[in-house]
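Counting starts at 1 for both ligands and their atoms, in listed order.
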Amino acid sequence: MRRVALPSPVNVPASALLGVRWPAVPAAAGATALAIQFQLQQYQWWSADALRAHQLTQLAELLRHARATAPFWAKRLEDRDFDLRAPLTWDRFERLPLLTRRDLQDHEGDLRCRRVPDGHGPVFSTSTSGSTGQPVTVHKTEVANVFWRAITLREHLWHQRDLGAKLAMIRYVRDANAARPPRGARQDGWGPSTDWAYRTGPASLLAIRSDVKAQAKWLQRENPTYLLSYPSNLLLLARHFQRGDKPVPPSLRQIRTMSETLTPDTRRFCEEVFGVPIVDIYSTQEVGYVALQCPDHLGYHVQSETVIVEVLDDDGRPCRPGTVGRVVVTPLHNYAMPLIRYQVGDFAEVGEPCPCGRGLPVLKRILGRVRNMLTFPDGRRNWPVFADDQFVTIAPIRQYQFVQKTRERIEVRFVADRVVTPEEEDRFRALINGRLGYDFDLVFTYHPSIPRDVSGKFEDFKSEVEPLS
Ligand SMILES: [Zn+2]
């Protein structure tokens, strides 16, 4: 392992972050990340009870900070007469009301902390519509970012990847003109999560909006060892390789999926076609990593060092192993906009403790977003990107869903706070078609709410042309 001296974007002793009284470490980002990694390696083997006790200490800190600095939490905790001087118990915590996406939409300003502790670094924001097509904006600190990177590295280490090998990524790229086929984009290393400590191999990137045929050609030329993409895109690629006469890239050793629900059928089919295992990741943009696939089993281990995950039934009670409930999370390190008992919008099945021996709780499967692929009139297909992060700049859109009716026409279903004017619809048309890259006939319809399908999945883009799932 090669240690790299990096400039220090954050000045946070790891001891403060995980609440453990370790000797202070040098403030360089690399050293901090190394210390966190060391701690994570220890924590994973703690018992479930010990991890929970530790979380409770972190949680009390977070609640105190939230109450003192964020008007929303000051009011909510005061309204409930929540005494933070009394010892915090799980029972008390679990009586706090859930925080909904609607709360985030309505109270973004008041959910933000008026001050962030020294050393938590600058604050940045991210917008996402998550699993249910409901756009929200979340503010995070650099420390939350440090943990994002630490868990990224943990995931690589868990799955024993050869960090010197080549990584290919087919994923969302914000700049519509970047990483396009046929070449895509190249970078020297895998990214900041790994590169501070390891001499990683080359990485190449292709924008997810690329047509699947172009993706397949690119993959063959790049011939990576590892591939990262989204399940629905991977399924389409697998079908393409299965039908075509070109072999899958021969160097491919493993595929990583993220951002959508990976169904057992998709996993099975893609593993068969590509001839390599898939490792799935459960993360959300608002929260960060929620759970990672166990290195030895198919279940997902909750990343308890950074997030509290509850899975609740319809009555708000914790689900038992084998039952499915709504996922409620509390990220432990975001001191810019604490999300306490935040209902992400996904559902999950609780798993039994993992035979691997890690004390990190288990989710057996996740029911989140499922997305169909967009079909263009000329038959090209890709994973659609809609610019949903900008919808609220045009009109107060609470939720959306797109349904492709024909190769030319797409129904845009909106839940809106008020009537959307024809002029605003024109602006939506320009924005959405600009992102999709074609002048589709967009038909707007308005609804009081947009439910999940009967299986509990939410499809933010459905296709009645050639649905995949
Ligand atoms: Zn395990």
Fit a plane to each ring of H301 and W158, take the angle between them on a 0 to 90° scale, and name the class: parallel (under 30°), tilted (30 to 60°) or perpendicular (over 60°).
perpendicular
Sequence neighbours excluded, the answer for side-chain hydrogen bond (donor to acceptor under 3.5 Å, both in side chains) partners of Q55 is none
Does R101 come within less than 4.0 Å of E286, counting only side-chain N to carboxylate O?
yes
Return all protein N, O or S atoms below 2.8 Å from the Zn ion (ligand 1), chain by chain in residue order.
C294 SG, H301 NE2, C354 SG, C356 SG
What pairs of residues pass the salt bridge (charged side-chain N to carboxylate O under 4.0 Å, His left out) test when at least one of them lies in residues 32-47, not counting sequence neighbours?
none
Mind checking salt bridge (charged side-chain N to carboxylate O under 4.0 Å, His left out) for R76 and listing every partner two or more places apart, or none if nothing turns up?
D103
Pick out which of R52, R326, R341 makes a salt bridge (charged side-chain N to carboxylate O under 4.0 Å, His left out) with E310.
R341
